Amino acid sequence: MVEWKKMWEVTTWDKKFSGVDKHMQPNVIKYYYYLANELVDLERSNGDIRILYTTNKVAYTNSIDVEGTISEGEVVTIPWGGNVNIQYFKGKFVTADNRIATSNNIDYLSNKYLYYWMLSQKDEIAKMYRGAGIQHPSMLSVLSMSVPIPSLSEQIRIVGILDTFTASIENLKEQIAQRRKQYEYYRDQLLDLEGKEGVEMKTLGEVLKSLKTGLNPRKNFVLNSPGSENYYITVRELGIFDIVPVEKTDKVSDEALELINNRSNLEVGDVLFSGTGTIGRTALVKEKPTNWNIKEGVYALKPFKEVINSCYLIQLLHSNHIKDKISILIVGDPIKSVPMKNLVTVSIPVPSIQEQQRIVSILDTFEASIQNLEAQLSQREKQYEYYRNKLLTFD
């Protein structure tokens, strides 16, 4: 049997909310609030008190640094401003401006069950965030939500199942993080080749046929002309080896695309590099572009294939040795960039093509194992969402 109660009937929050009738909030539990930048200054690597940010960031501080402002309890939080983010925590904490709820009676409503139910309603709660600038939740709407409350034993059963999924997901995330650390460590070790036998030091300019960038579309042609189906790749769409798909909001005509093509002339094997803004993202051109090309700020590096392997070049560009060399060439404020004339001066180690391929093969094995774990994570997250929605849907 499931009872339905209004949120205000079964929870106590951290403050009286404007626009909410007094009978809906007979009690409040007050907490001390820091400003977000104050919490950043309080972070300690060996801390014992959890910092509850409004995001999923996990950080701690020392009790001696926050004496008199520590809260303790089992709580569910949502941000007072920004994007909806639902969190659960039990223990001692300090917080920024979260809205904080706790069950009135844990023998009737489990806080962990409340958390999972609110997660299942995240899209609905997101609709309750309003405002032209920074959005804030309508707490009258939140407190008016109807919460399904099965027996406590059923709540415990549901929480147990979802906790198992959550632990499995966190374990996979930790495995991925550790594997990435291994990958980055061995990449830097394998690419630390300066002074090694059989390795020549060359500048990027010496191993490239050309280095070009795209056009600024707003200066050179009209965007979104009728019938436009072509698009261009921006800095934010580059990853490590691939172009990351995002919604294409600016389309260009066939004539405009031809203009861009003539400028950058992308070919299979070209390495794309973000030279403006978020510097250092890359992608490999795996097939001749048909209805896309690159925007200004994305550089097309065209290697001499007999001198340097494109995948080896990408790995170099992500190694700490080369990133450090590139970082000292960055200019501009607030928008930063690496001028192409400076980028071509960067010195890189160039072993034989055979050795480059060997290094790439080793790193590909690491990347494949990470991708396998990421695929498992994606599948596990889908299973979790399916069972969470199924377990928390009551007729």
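In this text the structure is predicted, and so the values were computed from the model without any measurement.
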Indicate yes or no for a side-chain donor-acceptor contact from [X] to the backbone of [Y] under 3.5 Å, with no hydrogens or angles considered.
X      : Y      : value
Asn342 : Val338 : no
Gln87  : Thr55  : yes
Gln356 : Val307 : yes
Ser361 : Gln357 : no
Gln379 : Gln376 : no
Glu43  : Ala59  : no
Arg44  : Leu42  : yes
Arg281 : Glu237 : no
Ser168 : Thr164 : no
Glu287 : Glu267 : no

Near [X] [atom1], under 6.0 Å, is it more than 12 heavy atoms from other residues, nucleotides or ligands?
X      : atom1 : answer
Lys341 : NZ    : no
Phe394 : CZ    : yes
Tyr186 : OH    : no
Asn83  : CG    : no
Glu197 : CD    : no
Gln383 : CD    : yes
Lys288 : NZ    : yes
Lys323 : NZ    : yes

Are [X] and [Y] linked by a side-chain donor-acceptor pair shorter than 3.5 Å?
X      : Y      : value
Thr69  : Tyr34  : yes
Ser103 : Asn111 : no
Ser151 : Glu154 : no
Trp292 : Thr290 : no
Asp188 : Ser319 : no
Tyr53  : Asn98  : no
Gln182 : Gln178 : no
Gln175 : Asn171 : yes
Ser141 : Tyr129 : no

- request: Starting from the C-alpha separation in whole Å, work towards a yes-or-no answer on salt bridge (Lys or Arg N to Asp or Glu O under 4.0 Å) for Arg180 and Glu374.
  value: CA-CA 11 Å; Arg180 285 210 172 277; Glu374 288 175 337; 3.0 Å; yes
So among [options], which one has a side-chain contact (heavy atoms from CB on, under 4.5 Å) with [X]?
X      : options                        : value
Leu143 : Glu9, Met7, Lys6               : Met7
Thr11  : Leu114, Thr102, Ile100         : Leu114
Leu272 : Leu284, Val235, Ile314, Ile294 : Ile294
Glu206 : Leu208, Leu204, Thr203         : Thr203

Calculate, to the nearest 0.5 Å, the distance between atoms [atom1] and [atom2] belonging to [X] and [Y] respectively.
X      : Y      : atom1 : atom2 : value
Arg388 : Ile161 : CZ    : CD1   : 14.0 Å
Lys302 : Lys209 : NZ    : NZ    : 7.0 Å
Leu109 : Asp107 : CG    : CG    : 11.0 Å
Leu257 : Asn293 : CG    : CG    : 6.5 Å
Leu35  : Asp97  : CG    : CG    : 9.0 Å
Thr95  : Ile51  : OG1   : CD1   : 10.0 Å

Taking the six-membered ring of [Y] (Phe, Tyr or Trp), confirm whether the NZ or CZ of [X] is under 6.0 Å from its centre and within 45° of its axis.
X      : Y      : answer
Arg179 : Tyr185 : no
Arg380 : Tyr384 : no
Lys212 : Tyr299 : no
Lys15  : Trp80  : yes
Lys390 : Tyr387 : no

task: Give the C-alpha distance, both sets of side-chain angles, the deciding distance and a yes or no for side-chain contact (heavy atoms from CB on, under 4.5 Å) between Tyr312 and Ile353.
output: CA-CA 9 Å; Tyr312 172 80; Ile353 285 290; over 6 Å; no
Would you indicate whether the side-chain heavy atoms of [Y] and [X] approach each other to under 4.5 Å?
X      : Y      : value
Val252 : Tyr232 : yes
Val84  : Ile86  : yes
Glu229 : Asp254 : no

Please determine if [X] and [Y] form a salt bridge, counting it only when a charged side-chain N lies under 4.0 Å from a carboxylate O.
X      : Y      : result
Lys181 : Glu184 : no
Lys92  : Asp48  : no
Asp14  : Lys30  : no

His23 and Trp8 aromatic ring geometry - parallel, tilted or perpendicular at 30°/60° bounds: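 Aromatic pair Trp8/His23 classed perpendicular.
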message: In terms of relative ring orientation, are Tyr31 and Phe93 parallel, tilted or perpendicular, with 30° and 60° separating the classes?
response: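 Plane angle between 30° and 60°, so tilted.
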message: Is there a side-chain contact (heavy atoms from CB on, under 4.5 Å) between Phe273 and Leu343? Walk through the geometry before answering.
response: CA-CA 11 Å; Phe273 178 87; Leu343 187 61; 4.1 Å; yes
task: Compute the centroid of each ring, for Tyr113 and then for Tyr115, and state whether the two points are separated by less than 6.0 Å.
output: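 When the ring centroids of Tyr113 and Tyr115 are compared, they turn out to be at least 6.0 Å apart.
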